[in-house]
S.K.: 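Next up is a structure, given as structure tokens.
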Amino acid sequence: MRILFITSTRIGDAVLSTGLLDHLLRENPGARVTIACGTVAEGVFARMPGLERIIPVTKRRWSLHWLELWRQVAFRRWDLVVDLRGSAIAWTLLTRKRAVMKGGRRSGHRLLHIAETLGVTPAPRPVAWFGEAEAAKAEALLPGGPWLILGPTANWRVKMWPAERFIALAQKLTAPEGLLPGARLAILGGPGAAERQMAEPVLAALPEALDLVGQLSLPEAAAVLARGALFIGNDSGLMHLSAATGAPTLGLFGPTPASEYAPIGARAQAVLAKGPPANTPMQRLAVEQVVEATERVLALPVPA
């Protein structure tokens with residue numbers, strides 16, 4: 001069975017789509033999958049079982065990126081085409097079955113919208129794929145433990161919790177009387193100067209922390225996150241990736257809707273700044289709120 005799966009340009013949405021992909025792979029053993037996604041999200045699928053090809057989609061003027069994608073997939077017979085971008089391309093391809101997600105903003109979590117595309121209920125949880133090499137590297141980088149991993153960056157600065165609160169939180173949680181006494185610290189962030197600049201205040205104030213900002217591929221980041229005792233970070237792709245590994249994950253929300261983008265995982269929760277949902281500055285999220293939410297996340301049962 002050959003499947004074309006067209007998914008997001010962004011890491012977070014791409015991670016949320018992995019649950020549906022995992023469902024398809026389990027329902028169709030031996031299926032070969034071609035993924036079309038944004039270039040920054042390629043690593044989400046790089047270690048996926050059944051992967052035949054990744055086609056990176058780079059946005060171009062006048063929507064010419066869709067024409068380029070069509071050129072690469074049109075001269076092939078597919079068994080299933082899944083289009084989570086809501087484009088017209090699925091209707092132009094030769095396939096036994098097609099499923100196109102509705103476009104536009106809707107109420108409810110994004111994961112539900114993705115699952116509805118194929119009528120799958122309950123919505124399957126996201127997964128994180130990485131291999132033995134990534135696991136070995138993560139073990140070498142994060143020996144022993146426990147490790148508290150922080151994600152102080154975001155693709156939109158208004159989503160960032162103030163650096164001084166990340167610092168105060170880390171010190172409080174790892175203190176002898178804290179929830180993770182003596183835990184070691186690691187700081188994660190994406191590649192590029194902007195991510196480095198966003199993380200710098202936290203890194204400067206916590207010199208003992210392991211600096212992994214811009215140092216890892218997405219499969220490596222997944223392996224590192226899977227080793228963490230806890231990840232706490234802004235609404236970001238790394239937050240979704242951490243939740244997908246099954247590691248304890250706490251997502252921090254203020255001006256973005258947790259009702260649509262809360263982290264989804266066996267041990268994942270969101271904590272919201274006090275104020276109108278999806279319309280409150282991150283400054284309204286207090287350190288004590290996050291400590292209380294951390295206690296709830298750490299109390300969640302470990303899946304059997």
Side-chain angles (χ1 to χ4, degrees), residues 5-24 36-38 40-41 44 57 59 63 81-91 97-128 151 154-161 231-244 246 249-285 289-290 292-293 296-297 300:
F5 195 88
I6 303 170
T7 186
S8 180
T9 59
R10 299 187 298 182
I11 294 172
D13 283 320
V15 171
L16 289 175
S17 74
T18 59
L20 187 60
L21 259 176
D22 182 59
H23 168 81
L24 286 172
C37 65
V40 298
V44 172
V57 178
K59 192 170 183 179
S63 296
V81 174
V82 178
D83 180 6
L84 301 182
R85 297 290 305 278
S87 72
I89 194 169
W91 304 103
K97 182 179 179 181
R98 57 179 61 83
V100 181
M101 192 167 94
K102 296 177 183 177
R105 292 290 295 274
R106 288 177 283 160
S107 61
H109 200 282
R110 181 78 170 176
L111 191 76
L112 299 177
H113 304 161
I114 291 170
E116 286 169 0
T117 306
L118 280 172
V120 179
T121 56
R125 284 177 180 162
V127 298
N155 65 344
W156 187 26
R157 284 187 177 269
V158 298
K159 294 197 294 185
M160 290 173 55
W161 201 37
F231 171 86
I232 300 177
N234 301 315
D235 173 18
S236 68
L238 284 174
M239 175 199 73
H240 288 293
L241 191 62
S242 176
T249 300
L250 185 61
L252 311 179
F253 284 78
T256 52
S259 60
E260 297 178 35
Y261 283 105
I264 301 293
R267 304 180 72 192
Q269 288 189 2
V271 57
L272 282 62
K274 290 185 176 179
N279 194 29
T280 300
M282 292 296 283
Q283 288 78 4
R284 297 283 301 276
L285 180 60
Q289 270 184 270
V290 181
E292 291 170 8
R296 292 194 297 271
V297 168
L300 292 171

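Keep in mind the model is a prediction, meaning the values are calculated, not measured.
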S.K.: Mark yes or no for whether His113, through its side chain, and Ser107, through its backbone, hold a donor-acceptor pair below 3.5 Å.
M.R.: yes

S.K.: Got a sec, which residues hit side chain to side chain donor-acceptor pair (under 3.5 Å) with Ser17, two or more places apart in sequence or on another chain?
M.R.: Thr7

S.K.: From the options Ile11, Thr9, Asn155, select the one residue that forms a side-chain contact (heavy atoms from CB on, under 4.5 Å) with Val40.
M.R.: Ile11

S.K.: Would you mind listing every salt bridge (charged side-chain N to carboxylate O under 4.0 Å, His left out) that reaches into residues 82-91, with sequence neighbours excluded?
M.R.: none

S.K.: Can you tell if the side chain of Phe5 reaches within under 4.5 Å of the side chain of Leu20, non-hydrogen atoms only?
M.R.: yes

S.K.: Might you point out which heavy atoms bring Ser242 and Thr249 nearest each other, and give the distance in Å?
M.R.: OG-OG1, 2.7 Å

S.K.: Do Pro263 and Phe253 have side chains that approach each other closer than 4.5 Å (heavy atoms only, starting at C-beta)?
M.R.: yes

S.K.: Could you give me the CA-CA distance, side-chain angles and deciding distance for His240 and Ile264, then say whether side chain to side chain contact (heavy atoms under 4.5 Å, CB included) is met?
M.R.: CA-CA 7 Å; His240 288 293; Ile264 301 293; over 6 Å; no

S.K.: Count the heavy atoms of every other residue, nucleotide or ligand shown that sit under 6.0 Å from CZ of Arg284, and state whether that count exceeds 12.
M.R.: no

S.K.: With no hydrogens and no angle check, is any side-chain donor or acceptor of Gln289 less than 3.5 Å from a backbone partner on Leu272?
M.R.: yes

S.K.: Hey, could you give me the NZ/CG distance between Lys159 and Leu252, rounded to the nearest 0.5 Å?
M.R.: 11.5 Å

S.K.: Can you give me the closest heavy-atom contact between Ala14 and Ser8, atom names plus distance?
M.R.: N-CB, 3.8 Å

S.K.: Shortest non-hydrogen contact from Ala273 to Pro281?
M.R.: CB-O, 3.6 Å

S.K.: Tell me, with the steps shown, if Ser236 and Met239 meet side chain to side chain contact (heavy atoms under 4.5 Å, CB included).
M.R.: CA-CA 5 Å; Ser236 68; Met239 175 199 73; 3.9 Å; yes

S.K.: Quick one: does any side-chain atom of Trp161 pair with a main-chain N or O of Leu285 as donor and acceptor, under 3.5 Å?
M.R.: yes

S.K.: When the ring planes of His109 and Tyr261 are compared, do they come out parallel, tilted or perpendicular, using 30° and 60° as the limits?
M.R.: tilted

S.K.: Taking side chain to side chain contact (heavy atoms under 4.5 Å, CB included) as the definition, give me every residue that meets it alongside Val297, ordered by chain and number, with sequence neighbours left out.
M.R.: Leu230, Pro248, Leu250, Gln269

S.K.: How would you list, by chain and number, every residue that makes a salt bridge (Lys or Arg N to Asp or Glu O under 4.0 Å) with Arg110, sequence neighbours excluded?
M.R.: Asp13

S.K.: With Ala278, which residues qualify under side chain to side chain contact (heavy atoms under 4.5 Å, CB included), at least two apart?
M.R.: Pro257

S.K.: Between Val100 and Trp91, is there a side-chain heavy-atom distance shorter than 4.5 Å?
M.R.: yes

S.K.: Kindly write out the residues that satisfy side chain to side chain donor-acceptor pair (under 3.5 Å) with Asn234, not counting sequence neighbours, or none if the list is empty.
M.R.: none

S.K.: What residues, two or more places apart in sequence or in another chain, satisfy salt bridge (Lys or Arg N to Asp or Glu O under 4.0 Å) together with Glu260?
M.R.: Arg105

S.K.: Applying salt bridge (Lys or Arg N to Asp or Glu O under 4.0 Å), can you list everything that pairs with Arg157, at least two apart in sequence or on another chain?
M.R.: none

S.K.: State which residues pass side chain to side chain contact (heavy atoms under 4.5 Å, CB included) with Pro276; sequence neighbours excluded, sorted by chain then number.
M.R.: Asn279, Thr280

S.K.: Determine whether a donor-acceptor pair (N or O, by modelled atom type, separation under 3.5 Å) exists between the side chain of Arg267 and the backbone of Leu300.
M.R.: yes

S.K.: Return the set of residues passing side chain to side chain donor-acceptor pair (under 3.5 Å) with Thr18 (not counting sequence neighbours), or none when no residue passes.
M.R.: none

S.K.: I'd like to check the side chain to side chain contact (heavy atoms under 4.5 Å, CB included) partners of Lys97; sequence neighbours left out, ordered by chain and number.
M.R.: Leu80, Leu118

